[in-house]
Number of protein chains: 2
Amino acid sequence: MGADTEPRNDRPKVPTLEDVARLAGVSTATVSRTLNSPDRVRTETRLAVENAVAVLGYTPNFGGQALASRRSNTIGAIIPTMANSIFATAVQALQETLAARNVMLLVASSQYSPMREQTQLRTLLARGVDGIALIGSERPPEVYDILESRRVPFALLWSAPRASSHLTIGFDNAAAASEVARNVLAAGHRRIALLTGMIEGNDRARARLQGVTEELARAGITLDPGDIVALPYTLDDGEAGAIRLLSRPDRPTAIICGNDVLAAGAMRGARAMGLSIPGDVSVTGFDDIELATAVSPALTTVRVPHRRMGEAAGQALLEWIETGQQPRSIGFPAEFIARSSLGRPPGG
Amino acid sequence: MGADTEPRNDRPKVPTLEDVARLAGVSTATVSRTLNSPDRVRTETRLAVENAVAVLGYTPNFGGQALASRRSNTIGAIIPTMANSIFATAVQALQETLAARNVMLLVASSQYSPMREQTQLRTLLARGVDGIALIGSERPPEVYDILESRRVPFALLWSAPRASSHLTIGFDNAAAASEVARNVLAAGHRRIALLTGMIEGNDRARARLQGVTEELARAGITLDPGDIVALPYTLDDGEAGAIRLLSRPDRPTAIICGNDVLAAGAMRGARAMGLSIPGDVSVTGFDDIELATAVSPALTTVRVPHRRMGEAAGQALLEWIETGQQPRSIGFPAEFIARSSLGRPPGG
DNA sequence: TCACAAGATGTAAGCGCTTACACAACAAAT
DNA sequence: ATTTGTTGTGTAAGCGCTTACATCTTGTGA
């Protein structure tokens with residue numbers, strides 16, 4: 001009896017809005033207003049409230065806030081994997097952009113599995129995230145239907161903006177890949193092999209592959225199916241794939257890779273076979289992550305605007321949430337970066 | 001008038017627990033029970049509820065759930081940066097572990113700034129996260145006071161478990177660094193230089209530095225301050241630092257680096273000066289990220305159990321949340337990995 | 001001086017969920 | 001036949017916050 005004021009000892013007593021109101025001698029509504037739109041209260045009251053907040057060490061309860069305001073101040077992101085620094089950096093940039101506006105980032109990874117992506121997406125929606133960032137634009141229409149019926153702002157990163165009517169923040173993978181192919185051709189290569197990432201549910205990989213093959217076709221080169229190997233994006237797979245390609249009769253003089261990780265793996269594979277780069281075989285990557293300049297020779301690659309996409313996605317989502325209007329899509333340039341892993345073919 | 005049933009057109013009508021209850025012909029309590037502890041309802045009712053859930057496409061509202069249950073099913077993580085794959089991978093592992101238990105991960109980054117870490121921590125606490133993962137164990141006591149007064153489970157990753165009474169999931173940085181030094185000495189090096197990360201607020205970097213210097217001291221080698229360079233963990237800094245060290249009179253024959261990124265940068269720097277590795281200078285790293293085997297020669301380094309720490313942290317936090325008991329700290333071994341970037345000193 | 005607008009604050013009704021408690025139905029034990 | 005326990009379900013009271021609306025001050029122009 002009479003122990004009502006004693007906090008349950010298994011649950012620390014966290015001060016609530018009401019405690020603040022009582023201490024400041026105002027109503028809870030005023031406290032809420034002070035916190036959310038300070039210009040709507042008299043300076044005097046504001047100070048009293050702020051003081052009470054400080055004294056109690058009050059911090060608003062997230063659940064209550066989310067429930068009452070129907071906003072979670074949280075944005076979700078689903079990326080294939082954090083393990084590739086290209087995505088990690090984009091997430092980092094996104095997170096920083098959001099943090100500046102006091103919005104948090106919920107991360108989930110799909111491991112390149114469309115199914116897992118959908119599961120994660122549902123979870124994020126159930127969380128009541130205010131917005132969602134996704135990688136790529138290729139998914140079953142139902143997914144977009146869900147998103148749209150919920151009226152949740154979402155941004156698609158990494159794909160070419162013209163690819164869809166959705167808010168897309170990306171670059172032209174096919175064009176960039178074409179440019180790589182053009183440069184490989186210009187260096188004099190004719191026997192060219194491709195190391196691509198897995199295509200299923202990955203429009204970026206497909207666009208890159210397509211950009212290359214089309215450019216080669218334009219130059220009159222059609223690839224034998226055996227000259228194209230599709231693999232997960234890992235160093236080891238890159239190495240194994242390169243060994244496979246370089247073991248073919250009429251060995252390729254250049255390997256165009258779907259990303260830098262595969263390319264670095266390919267370099268290792270070539271080296272394991274005693275081949276020099278670019279003397280015996282040229283290798284190109286895609287992404288321009290740190291790895292590209294850490295290897296020797298440095299990788300010829302394409303600089304992908306990862307940080308800018310992350311930042312732009314954050315900004316666009318916040319704007320969409322704020323205004324209710326879907327912002328315009330953004331296309332960033334992807335720059336071809338010539339380095340020494342691409343040279344002339346042997347005897348060329 | 002009479003338009004009550006018509007959903008406001010600016011806010012899509014999301015089904016609630018009550019809608020499910022109505023459709024299933026049961027009370028909201030029963031629906032809640034069906035969802036949270038299915039074994040407490042009759043099979044028949046459970047099926048009816050599950051059916052209603054499916055028909056309506058119901059998904060629980062996070063705010064309501066969090067508010068009523070005082071649980072957010074969310075864990076927060078603050079890491080220095082996602083840009084280093086060692087942390088990205090740990091976060092990835094953590095996220096996967098949590099996702100399996102339907103818990104989400106809120107990520108924040110401190111950029112190695114203690115102040116920023118505190119800000120993010122406050123935000124996470126305000127979010128009502130059920131647990132928190134932090135990197136390293138060195139921070140002002142007030143930080144731990146806040147955490148403890150809130151009774152929020154938290155795990156410290158990357159540091160040696162014995163370093164504190166808190167739940168720590170890590171490895172012995174000093175011992176691992178000592179082992180590196182021992183191997184460098186065993187290879188015959190006597191002129192040794194150090195490239196370390198920034199020490200401030202970074203107990204891991206300090207422990208590694210200390211491990212190395214103590215080991216060297218044991219061998220009768222004391223380093224000139226000019227032989228130790230502290231830098232941010234980037235490739236470019238590693239390169240610049242190595243050039244500085246290798247330009248000293250009486251050039252070092254080995255550079256022990258605080259992590260693989262610095263080491264890869266150092267290799268680039270050495271190469272830029274026309275030095276061969278390990279012929280003219282040996283280089284060692286720490287972490288064993290992909291980069292370590294992508295460079296040539298491959299880096300001698302220490303394999304840090306990043307994935308295991310991420311998983312173990314997830315498990316430990318979930319257990320702590322569940323039971324209310326702080327689990328035991330865990331120390332993982334960190335394995336020395338000999339590769340070709342460490343050789344005998346020139347003429348040695 | 002008075003009517004009225006504008007501004008500041010209070011009142012109270014939810015937001016969607018969980019859960020203590022009450023109750024009903026039935027089985028087993030007396 | 002009555003008691004007791006078990007199991008399944010409903011009732012209703014919050015959880016901490018926001019916000020529409022009501023109320024009370026204060027300032028302004030006629």
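Each chain gets a letter, A, B and so on, in the order its sequence line appears, and its residues count up from 1. Here the structure is a predicted model, which is why all the values come from computation and not from measurement.
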Among C:dG16, C:dC17, D:dC17, which is the nearest nucleotide to the side chain of A:Pro60?
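The listed nucleotide nearest to A:Pro60's side chain is D:dC17.
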Applying a 4.0 Å non-hydrogen cut-off, can you work out what B:Ser32 is touching in the nucleic acid: base, sugar-phosphate, or nothing?
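Base, at least one base heavy atom under 4.0 Å.
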Whole-Å gap separating [atom2] ([N]) and [atom1] ([X]):
| X | N | atom1 | atom2 | value |
| --- | --- | --- | --- | --- |
| B:Gln65 | C:dC15 | CD | C1' | 14 Å |
| A:Arg70 | D:dC17 | CZ | C1' | 12 Å |
| A:Glu44 | D:dT25 | CD | C1' | 13 Å |
| B:Glu18 | C:dT18 | CD | C1' | 14 Å |
| B:Leu17 | C:dT19 | CG | P | 12 Å |
| A:Asn73 | D:dC17 | CG | P | 14 Å |
| A:Leu35 | D:dT18 | CG | C1' | 12 Å |
| A:Asn36 | D:dC17 | CG | C1' | 9 Å |

Please name all residues satisfying ring-ring contact (aromatic ring centres under 6.0 Å, His included) with A:Tyr112, sequence neighbours left out, ordered by chain then number.
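Applying ring-ring contact (aromatic ring centres under 6.0 Å, His included) to A:Tyr112 gives A:Tyr233.
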What's the separation between atom [atom1] in [X] and atom [atom2] in [Y], rounded to the nearest 0.5 Å?
| X | Y | atom1 | atom2 | value |
| --- | --- | --- | --- | --- |
| B:Phe154 | B:Leu125 | CZ | CG | 10.5 Å |
| A:Arg46 | A:Arg33 | CZ | CZ | 15.0 Å |
| B:Arg139 | B:Leu147 | CZ | CG | 8.5 Å |

Enumerate all atom pairs, one protein N or O and one N or O from nucleotides 8-14 of chain C, separated by less than 3.5 Å.
from: C:dT9; atom 1: OP1; to: A:Arg42; atom 2: NE; distance (Å): 3.4
from: C:dT9; atom 1: OP1; to: A:Arg42; atom 2: NH2; distance (Å): 3.4
from: C:dT9; atom 1: OP1; to: A:Thr45; atom 2: OG1; distance (Å): 2.8
from: C:dT9; atom 1: OP2; to: A:Arg42; atom 2: N; distance (Å): 2.9
from: C:dT9; atom 1: OP2; to: A:Thr45; atom 2: OG1; distance (Å): 3.1
from: C:dG10; atom 1: OP2; to: A:Ser27; atom 2: N; distance (Å): 2.7
from: C:dG10; atom 1: OP2; to: A:Ser27; atom 2: OG; distance (Å): 3.1
from: C:dG10; atom 1: OP2; to: A:Thr30; atom 2: OG1; distance (Å): 2.6
from: C:dG10; atom 1: N7; to: A:Arg33; atom 2: NH2; distance (Å): 2.8
from: C:dG10; atom 1: O6; to: A:Arg33; atom 2: NH1; distance (Å): 3.3

If you compare every side-chain N and O of B:Asn61 against the phosphate oxygens of C:dC15 (OP1, OP2), does one of them come in below 4.0 Å?
no
If we ignore angles and hydrogens, is there a donor and acceptor under 3.5 Å between the side chains of A:Glu96 and A:Gln92?
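Yes.
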Under a 3.5 Å cutoff, is there a donor and acceptor pairing between the side chains of B:Ser27 and B:Thr30?
yes
Would you check if A:Ile75 and A:Val129 make a side-chain contact, meaning some heavy-atom pair closer than 4.5 Å?
no
